[in-house]
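Data block below; observations after.
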Amino acid sequence: MAPPGHQRQDARSLAEVHASVGTSQVSFWRRMFAFAGPAYLISVGYMDPGNWATDLEGGARFGYQLIWVLVMSNAMAILLQTLSARLGIVSGRDLAQACRETYPRVVNLALWALCEIAVAACDLAEVLGAAIALNLLFHIPLLLGVLITAADTLLVLWFQSFGIRTIEAFVLALITVMAGCFCIEIIWAKPSVSEIFTGLVPRLNRDSLYVAIGILGATVMPHNLYLHSALVQTRHIAHSEAAKRTACRYNLIDSAVALNGAMLVNCAILVLAAAVFFKRGIVVTQIQQAHLLLVPLLGTSFAGVIFAVALLCSGQSSTLTGTMAGQVVMEGFLNFRMRPWLRRLVTRTLAIVPAALTIYFAGDQSTFGLLILSQVILSMQLPFAVIPLIHFTNDRARMGSFANSLWVRVLAWSTAAVIVGLNLRLAWLTVAEWLAAAGAWHTVVWLATIPTAAVLLVLLLWVTMEPLIARWTRKFGRAPIVLPETAGAEAAAAPVYHRILVPLDHSHLDRLAVSHAAAMAKLHGAKLFLLHVEEGVTSQIYGPDASTAEVEAGEQYLDRIAQALRDQGIIVETAITHSSSPKKEIVRYGREIRPDLVIMGAHGHGGLKDLIFGTTINPVRHNLEVPMLIVRPGRG
């Protein structure tokens with residue numbers, strides 16, 4: 001019943017693998033294995049080539065001094081990823097979907113754009129890492145290596161066809177290879193254990209701030225928060241509170257194990273750089289330089305090969321999760337699904353173009369700085385994902401008994417304060433340096449940076465204050481106007497509804513229409529009639545005899561909604577019909593059941609979009625002589 005051009009779905013994250021992994025095993029270890037996986041896919045983002053660049057620079061320039069940054073970042077990551085997983089399990093919505101349903105459209109578009117920049121920055125790191133690894137292993141020129149990485153689009157699509165468990169197993173294998181490589185490297189490097197522990201003492205100066213924030217951005221990655229809230233929904237979890245609590249507990253274990261493993265890999269890279277390069281006063285400005293220097297300094301030719309193999313595993317594992325993160329972000333914020341190959345091609349193009357141009361004009365030596373910059377960009381996007389996540393998981397109306405307790409709120413807001421504080425300081429110092437070095441271009445640089453920074457700051461303040469703004473709006477909103485001529489008149493008798501028709505179209509508006517219908521049904525003791533019109537080609541040809549995956553998904557979708565309403569004590573009747581004209585079918589069904597109220601969602605089309613997509617509401621309104629309640633998402 002959705003007009004052509006609308007996404008036909010039941011608002012499920014990663015719909016092709018949603019609830020595809022069973023978790024009903026009785027044994028603790030079997031159930032632990034069933035829940036294990038999402039956090040490992042997330043953890044590869046914490047070990048991507050961007051991490052390598054920041055860890056190598058941090059260890060080579062500052063020795064063991066920044067180990068505390070890795071430990072702090074990992075603690076933040078575990079907390080935030082746990083909140084992300086809890087949001088997905090309890091609310092059944094990923095972070096992007098929750099934003100779309102809560103914020104005005106302009107804010108959602110801004111957050112979506114920022115997140116797409118983060119995904120592109122992460123993909124940039126993966127492109128450069130894979131190209132560097134190919135160069136180290138097979139002596140392929142960097143520029144050609146960057147172009148070759150476009151081919152891994154086929155690899156991603158091939159793996160996705162095997163299901164989520166195959167992807168998780170492949171990624172875990174790559175992580176195991178990577179961890180094994182660094183274990184060998186650390187044994188050869190023989191770092192000072194006592195100095196490693198001194199690195200746990202917090203210290204920071206102007207020189208190390210940029211690298212520290214790069215490490216923070218490389219460790220706590222914004223798009224991972226969106227992805228994790230979607231990945232946990234690949235597990236089949238019952239709707240009871242006990243089942244959700246069990247799922248939250250197992251996902252906490254999964255996150256703690258996976259992310260601590262990622263921290264050990266990052267620490268190994270930094271410790272390796274500190275033990276091999278910092279001790280000898282060598283400043284690493286390229287990953288390739290680290291590869292070449294490891295061979296003579298560690299005294300074995302295998303050191304360079306192992307390093308390059310680990311780097312290639314890092315880039316390829318991150319590619320898989322980056323693709324899924326892009327899918328979740330686009331579908332969640334825009335409720336629009338692009339074909340997987342096209343989505344991957346767009347994301348990779350956004351990464352390849354700047355990488356290729358930088359290498360072409362600035363040379364191979366520019367890749368290291370580009371990697372560091374990509375991680376700083378990721379860090380700058382963090383507040384725009386972290387603050388909404390904290391608000392949503394604090395919200396008792398959304399999370400029920402799973403809402404954050406006081407101590408979790410304190411930790412979460414402290415984490416957000418550290419992230420925002422460090423980023424504001426870095427932004428101030430960076431802009432000041434740019435303006436000081438601009439010379440004759442001072443005005444151009446000012447116009448390019450200051451207004452952008454101001455807009456981002458306003459957006460950050462709005463997102464931070466949104467719950468308070470919404471509360472004020474509800475409390476101090478404009479009161480209804482009473483016309484003088486009716487002010488003293490006796491109130492008309494309130495209508496009572498007995499039969500409410502709710503057409504559903506598998507769009508994001510269904511949830512809104514059903515919630516209004518449920519409220520009306522409880523108030524009036526009414527019976528709800530849920531109608532879905534299948535309008536696919538198969539349905540148009542074969543009618544009720546049609547049987548496709550889409551038709552079956554539609555039936556299951558309607559059954560889930562009906563059961564949820566029945567659990568609330570509401571009487572529900574469902575109907576699925578097949579027609580090429582949903583509006584005519586709604587009118588026909590309405591005349592058959594004779595409702596006294598129709599509740600429909602409005603997509604908000606107008607003008608040209610009405611011409612392209614068509615309209616459903618107006619024909620129904622004109623042909624069914626019953627009251628209609630038209631619902632649409634709020635726009636702030």
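The structure displayed is predicted, hence computed values, not measured ones.
Using a 4.5 Å cut-off on side-chain heavy atoms (C-beta onward), Asn251 and Thr82 make no contact. Put simply, the side chain of Leu227 does not reach to within 4.5 Å of the side chain of Asp94, judged on heavy atoms. When side chains are defined from C-beta on, Trp413 counts as touching Ile387, because their heavy atoms get closer than 4.5 Å. With a 4.5 Å cut-off on side-chain heavy atoms, Leu460 and Thr464 count as touching. Side-chain contact check for Val410 versus Ser414: some heavy-atom pair is nearer than 4.5 Å. A heavy-atom distance below 4.5 Å is not found between the side chains of Val90 and Thr393. You'll find the side chain of Ile89 stays beyond 4.5 Å of the side chain of Gln233, heavy atoms only. Trp68 has its side chain out of reach of Val201: every pair of non-hydrogen atoms, C-beta onward, lies at least 4.5 Å apart.
Considering all non-hydrogen atoms of both residues, Pro388 and Pro383 come closest at CD-O, 3.9 Å. Counting all heavy atoms, side chain and backbone alike, Ala258 lies closest to Ser43 at O-CB, 3.8 Å. Taking each heavy atom of Leu389 and Leu80 in turn, the nearest pair found is CD2-O, 3.4 Å. Of all heavy-atom pairs spanning Ala412 and Leu83, the tightest one is CB-CD1, 4.2 Å.
How far CZ of Arg100 is from CD of Glu331: 10.0 Å, rounded to the nearest 0.5 Å. In this structure, CG in Leu259 is found 7.5 Å from NE2 in His228, a value given to the nearest 0.5 Å. Distance check, rounded to the nearest 0.5 Å: OG of Ser73 to CG of Leu70 gives 6.5 Å. Atoms OG1 and CD1, from Thr246 and Ile237 in turn, are 9.5 Å apart once rounded to the nearest 0.5 Å. Interatomic distance, Leu270 CG to Glu57 CD, rounded to the nearest 0.5 Å: 11.0 Å. Expressed to the nearest 0.5 Å, how far CZ of Arg245 lies from CZ of Arg86 amounts to 8.5 Å.
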Report task. Before giving the answer on side chain to side chain contact (heavy atoms under 4.5 Å, CB included), spell out for Gln97 and Arg511 the whole-Å C-alpha distance, their side-chain angles and the decisive distance to 0.1 Å. Result -> CA-CA 12 Å; Gln97 290 173 330; Arg511 175 182 289 258; over 6 Å; no

Requested in this report: Let me see the working for Tyr250 and Asp254 under side chain to side chain contact (heavy atoms under 4.5 Å, CB included), right down to the final yes or no.
Outcome: CA-CA 6 Å; Tyr250 279 104; Asp254 188 37; over 6 Å; no

Query - Worked verdict on Arg398 versus His391 for side chain to side chain contact (heavy atoms under 4.5 Å, CB included) - result: CA-CA 10 Å; Arg398 186 187 302 267; His391 279 317; over 6 Å; no

Report task. Begin from the C-alpha positions of Leu231 and Val328 and carry the test side chain to side chain contact (heavy atoms under 4.5 Å, CB included) through to its verdict. Result -> CA-CA 9 Å; Leu231 285 174; Val328 167; over 6 Å; no

Report task. For Trp462 and Glu466, run side-chain hydrogen bond (donor to acceptor under 3.5 Å, both in side chains): C-alpha distance rounded to whole Å, both residues' side-chain angles, the deciding distance at 0.1 Å, then the answer. Result -> CA-CA 6 Å; Trp462 192 95; Glu466 190 277 335; over 6 Å; no

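For Phe392, the ring-ring contact (aromatic ring centres under 6.0 Å, His included) partners at least two apart in sequence or on another chain are Tyr103. In this structure, Arg409 has no salt bridge (charged side-chain N to carboxylate O under 4.0 Å, His left out) partners at least two apart in sequence or on a different chain.
Without hydrogens or angle criteria, Thr102 side chain to Cys99 main chain gives no donor-acceptor distance under 3.5 Å. Put simply, the side chain of Ser84 gets close to the backbone of Ser229: a donor and an acceptor are under 3.5 Å apart. A donor-acceptor pair under 3.5 Å is formed between the side chain of Asn224 and the backbone N or O of Ile42.
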